[in-house]
Amino acid sequence: MSSAFTSRLWRHVTLFDGLQTLPKPMAVWIKNDQIAGVWPESEFRTELAPGVERTEVGGVMTPGLVDCHTHLVYAGQRAGEFEQRLEGASYAEIARAGGGILGTVRATRAASEADLFALSLPRLQALADEGVTTVEIKSGYGLTVADELKLLRVARQLGEALPVRVITTLLGAHAVPPEFQGDAEGYVDLVCREMIPAAVAEGLADAVDVFCEGIAFSPAQCERVFLAAREHGLPIKAHAEQLSNLGGSVLAARLGALSTDHVEYLDGAGVRAMAAAGTVAVLLPGAFLMLGETQHPPVELLRRYGVPMALASDVNPGTSPLYLPTLIAHLGCTLFRLTPREALTGITAHAAQALGRPELGRIQVGAPADLCLWDVGQPAELAYEVRPGRLRQRVFGGEVQHVR
């Protein structure tokens, strides 16, 4: 259900603005596609918001949720690997046996753009139905120039089909493909010399990511990809310190990365480098849970150095087929011991910062009118209780896209 208004007002709302819960009932006014006014209810006067066409009362309001790390364009599924891991096989063992990422690569290469669009549309709809207004979609399951561009094109098409802001990331350096086994350097050449330029030429990539890990690419290889991305004007991100500490976070931060993601094995040097660079730590508790990991990201050290912490679903077929952002907030609290405020900031303001879009994920004058109105008593309930169906309204660009 969709209902557009050029001027709309919410009154007597409990407001989480992306960084904190405000202590007083608030009034929020949007005009066209922007937030035009935010006031304590006690200071609101009707003349402050002229031309209002609809007024809503009550509820908890947050920014539209931001999912800053997903891999939701893919074909196939990996339920068999889920069973294997529960029977004792490790993620690395499965990957080395030809499963893992490469298993999804085979299925994804065989799928057409139309197939991938049809498979991915309900995944994105599931996120939108639970309050997501901005999502990052990575490639990485094609691993040829043509197939990586195919995934990025589908991601762009998804953003045109649904009222969700889609930000695309080229993750060509996700794994060494079968045709380059034993020649990772040759594949990195392909990513740097052909794949990145082709994605830029078609306007398909908003950033470039790498997987810096023993089962993927070395820091030196990742640096080559980073430098190629920067030469083409694209910001960089990194999967780093997920399974071991190779120093990928230090490298990424030194080169000005927007974020480093996973970071379970992040050490003090990495934290300090990220703090100095303003690089966001993106925590992915869904993958941590499903992989049965025991090494926790250094949350207290990240707090101490003031590194922003985002949370994301990491939607993917192998290690995090999870489509409920408030579950991710809950897991951030229960697994990583974030506070509810940190968890909500992690799926709003800090997630937007991880995408290089700090104007998103906030409720403040001049920000895009991306909002969620929830039927809960206080914002902390969104991280405390795991239950779908609490979203009363989802507003994207000033238009109400979800009404219950």
Side-chain angles (χ1 to χ4, degrees), residues 5 7-50 52-67 130-134 165 308-311 325-326 328-330 332-333 338-353 357-385 387 389-404:
F5 294 89
S7 181
R8 193 171 190 132
L9 179 68
W10 288 263
R11 297 190 62 182
H12 299 281
V13 296
T14 300
L15 188 66
F16 178 81
D17 68 1
L19 296 176
Q20 62 182 334
T21 298
L22 301 185
K24 301 176 181 179
M26 300 294 290
V28 177
W29 175 43
I30 65 171
K31 186 174 182 181
N32 299 323
D33 61 351
Q34 288 191 325
I35 298 172
V38 181
W39 307 275
E41 182 62 40
S42 60
E43 299 176 11
F44 177 74
R45 304 186 307 277
T46 55
E47 60 266 27
L48 292 173
V52 170
E53 299 178 48
R54 183 71 177 267
T55 300
E56 311 285 343
V57 178
V60 167
M61 178 171 280
T62 70
L65 306 186
V66 179
D67 195 342
E130 292 300 323
V132 171
T133 54
T134 298
R165 184 179 293 99
M309 290 181 285
L311 287 168
T326 53
I328 299 303
H330 174 84
C333 295
L338 298 182
T339 66
R341 181 193 64 78
E342 288 173 326
L344 293 179
T345 296
I347 57 175
T348 54
H350 285 170
Q353 187 177 342
R357 298 294 300 274
E359 76 281 9
L360 303 174
R362 297 292 306 277
I363 298 178
Q364 58 186 1
V365 174
D370 295 354
L371 305 167
C372 289
L373 190 68
W374 306 87
D375 282 328
V376 296
Q378 57 181 307
E381 289 181 43
L382 296 172
Y384 153 72
E385 186 177 28
R387 179 166 61 88
R390 295 174 291 176
L391 182 64
R392 187 194 309 174
Q393 291 180 340
R394 174 184 174 275
V395 182
F396 177 73
E399 184 173 351
V400 177
Q401 299 290 342
H402 176 103
V403 178
R404 182 176 58 76

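Among residues at least two apart or in separate chains, ring-ring contact (aromatic ring centres under 6.0 Å, His included) pairs with a member in residues 9-39 are Trp39-Phe44.
Closest approach of Val13 to Gly58, counting heavy atoms only: CG1-O, 3.6 Å. Considering every non-hydrogen atom in both Thr348 and Leu344, the closest pair reads OG1-O, 2.7 Å. In plain terms, the two heavy atoms of Ala380 and Pro340 that are nearest each other are CB-CB, 3.9 Å. Residues Pro379 and Val60 come closest through the heavy atom pair CG-CG1, 3.8 Å. In terms of heavy atoms, Pro50 sits closest to Ser7 at O-OG, 3.6 Å. In plain terms, the two heavy atoms of Pro368 and Leu360 that are nearest each other are CG-CD2, 3.7 Å.
In this structure the side chain of Leu371 reaches within 4.5 angstrom of the side chain of Ile35, judged on heavy atoms. For the pair Thr21 and Gln378, the minimum side-chain heavy-atom distance is 4.5 Å or more. Side-chain contact between Leu15 and Val38 is present, with at least one heavy-atom pair separated by less than 4.5 Å. Looking only at side-chain heavy atoms (C-beta outward), Cys372 and Gln393 stay at 4.5 Å or farther from each other.
Using a distance-only test at 3.5 Å, with no hydrogens or angles considered, a donor-acceptor pair links the side chain of Asp370 to the main chain of Gly397. In this structure a side-chain-to-backbone donor-acceptor pair under 3.5 Å is missing from Glu399 to Phe396. Under a 3.5 Å cut-off, the side chain of Glu342 and the backbone N or O of Thr339 do form a donor-acceptor pair. For Arg394 (side chain) and Val132 (main-chain N/O), a donor-acceptor pair under 3.5 Å exists by modelled atom type. Checked by atom type and distance alone, the side chain of Thr326 never pairs as donor or acceptor with a backbone atom of Ala383 at under 3.5 Å.
By the side-chain hydrogen bond (donor to acceptor under 3.5 Å, both in side chains) test, Glu47 pairs with Arg45, sequence neighbours left out.
Look at Arg11 and Glu41 and you find a salt bridge, because one of the NZ, NE, NH1 or NH2 atoms lies within 4.0 Å of a carboxylate O, short of that distance.
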